[in-house]
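FYI, side chains are in, hydrogens and waters are out, and symmetry mates aren't considered; it's all heavy atoms of this structure.
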Amino acid sequence: MRDYYISLRSRNPVKKKPVCKGDLILSSEPFAHIINNHHLSEYCDYCFVSQEKKLIKPCKGCRVPWYCSEDCARLGWDIHQYECHRLQRLANNVPPAFVRLLARIMFRLQNGGDKIVEKYNEKEGRRFRDLMNHYADVKNDKKSQDDVESLMSQLGKYIGKQNLPNESDFFGIYGRMRISYIDPVASVASRLEDLHNKWYFWCDCKTCADKERANMESSILCGNCSTPVYIPEAYSHKIPSIECPKCQELVDKEKIRLYRQIVIFTKYHLNRMSEESPNLTDCLEILERQGDELHPLNVWRVRTLDFAFNAAVHNGCWALALDYGDKNYEGMRYYYGENNPTFALFLFKYGKAKIYLKDFYEGVKLLDKAEPILKAGLGSTHPVVVDQLIPTNLLANEDINICLQRRMAIINKQEARKGKPVSQAA
């Protein structure tokens, strides 16, 4: 792939120009899309508008996808026509989202989708078949083989066995879809394993090769000087002798054993939870088990606090959300970086909690920090920006001083356009 792009550049030299933050680099429509089953009634299946902004209604036939207007239902029929009668037949047994996505891809490919070209510049583009299929890797991977077998069985019940491609073609489609989100809030060992299992390569980027960061990800606090002490994630049954890098005091082996138990307990419960709707009770149980044993930047501590923070926000427990936000601010910034959209979403929810609890000044600061990152990363018309961030920011007008400052800023802008001197807010 790298040689392919080098040859493209050599044949078609392009004059380089600087890219500024917020510049639109590429706009593209998805080849196929699916809204997760538990969010079906919350968003329009065609334009993705939220039910908070516009009334949406289910498809009159199968009642699975929801639409905000007759126009969206008509435009969405381009792909929904192949699945509507099949979903009606299954009634309340809606297939998993990934199965429905696979089916939509097959419907597209069977009806001219194999000729659709996604342009990445004025002259060149790629088709679905140009994506890497990882065929050999998938074919020799036992887990992938089991997954393919299960998916083909589910798809056969959904769209009929006669509509399935042969096994070779199905492996090709499946391999092209093996795109996985790699969470930065995970240990180096976990990320590398995830990459190799789903992308079939080992990463040697600066982040993965950073030993100091890797040590921080799996650390506890020294009982003597509070220095972070690295506890290896891969270990034998024998408890190693580990000393503090600063005071050279040996870490109590019982403390190491306790840390191992905490990590196993944390992994087990977090893996059972959905990131989109985490269970607050389970999060509280994990945090209670962790106590003060883990370093504030330990990856499992940061990950648990993030789950707990989102669970508190989801349940409207704003005081609890604020507490978790305070504890996890540095951890989220450390792992994601200040310009990451995920960190910006954290800032938005953190600021929202402060505004709801009447800490308007600090809340507005966080929202002002999050807004340009979200607009650059998600787009200025994204529902998170339009339907959530902007209305939350307006809540700060309840504070009379902020309201006056904003009015003064508007007046100053108007006066500046007229060439008049601006007033200073008190």
Side-chain angles (χ1 to χ4, degrees), residues 18-28 39 42-44 47-54 181 183-185 275-276 302 305-306 309-314 316-319 321-414 416-417 422 425:
V19 177
C20 300
K21 185 165 66 174
D23 283 356
L24 178 63
I25 298 173
L26 177 68
S27 178
S28 176
H39 291 306
E42 297 175 19
Y43 299 94
C44 172
C47 71
F48 311 122
V49 70
S50 165
Q51 64 172 344
E52 295 175 359
K53 188 174 181 183
K54 203 169 181 180
Y181 170 69
D183 193 345
V185 187
E275 291 196 36
E276 295 181 346
V302 173
L305 282 170
D306 187 37
F309 173 77
N310 286 316
V313 170
H314 182 74
C317 305
W318 296 107
L322 186 58
D323 180 44
Y324 295 143
D326 289 339
K327 291 176 180 175
N328 212 28
Y329 177 85
E330 289 301 329
M332 294 295 285
R333 187 173 68 169
Y334 178 81
Y335 284 105
Y336 285 105
E338 294 193 339
N339 292 319
N340 189 294
T342 301
F343 181 62
L345 282 170
F346 167 78
L347 291 179
F348 159 57
K349 288 181 276 192
Y350 186 27
K352 187 175 182 178
K354 285 185 177 288
I355 287 174
Y356 279 12
L357 295 172
K358 307 300 181 184
D359 188 355
F360 296 109
Y361 277 101
E362 291 302 315
V364 168
K365 282 182 185 178
L366 291 167
L367 263 57
D368 287 346
K369 220 184 238 187
E371 186 172 353
I373 304 169
L374 289 175
K375 283 184 175 179
L378 304 178
S380 56
T381 59
H382 193 279
V384 169
V385 176
V386 177
D387 300 340
Q388 298 183 45
L389 188 143
I390 293 173
T392 302
N393 210 328
L394 291 174
L395 286 176
N397 285 335
E398 289 184 19
D399 182 88
I400 188 65
N401 290 323
I402 289 179
C403 186
L404 287 172
Q405 284 179 4
R406 286 176 169 176
R407 288 185 180 179
M408 186 64 71
I410 293 171
I411 292 170
N412 285 343
K413 282 184 180 178
Q414 293 172 345
R417 288 195 194 104
V422 297

(message) side chain to side chain contact (heavy atoms under 4.5 Å, CB included) for K352 and V313? Distances and angles first, verdict last.
(response) CA-CA 9 Å; K352 187 175 182 178; V313 170; 5.7 Å; no

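- Between the CD atom of E52 and the CG atom of D387 there is a distance of 7.0 Å, given to the nearest 0.5 Å.
- Side-chain rings of F346 and F309 approach one another, their centers coming within less than 6.0 Å.
- Atoms NE2 and NZ, from H314 and K349 in turn, are 11.0 Å apart once rounded to the nearest 0.5 Å.
- The shortest non-hydrogen separation linking F348 to L389 is CE1-CA, 3.5 Å.
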For a quick test of your reading: what N or O donor-acceptor pairs under 3.5 Å do the side chains of residues 354-379 make, sequence neighbours left out?
| residue | atom | partner | partner atom | Å |
| --- | --- | --- | --- | --- |
| K358 | NZ | E398 | OE1 | 3.0 |
| K369 | NZ | Y329 | OH | 3.3 |
| E371 | OE2 | K375 | NZ | 2.9 |

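- Side-chain contact annotation: D326 with Y350, donor-acceptor N/O pair under 3.5 Å present.
- Between the N310 side chain and the D306 main chain, a donor and an acceptor come within less than 3.5 Å of each other.
- To the nearest 0.5 Å, atom CD1 of residue I390 and atom OG of residue S380 are 8.5 Å apart.
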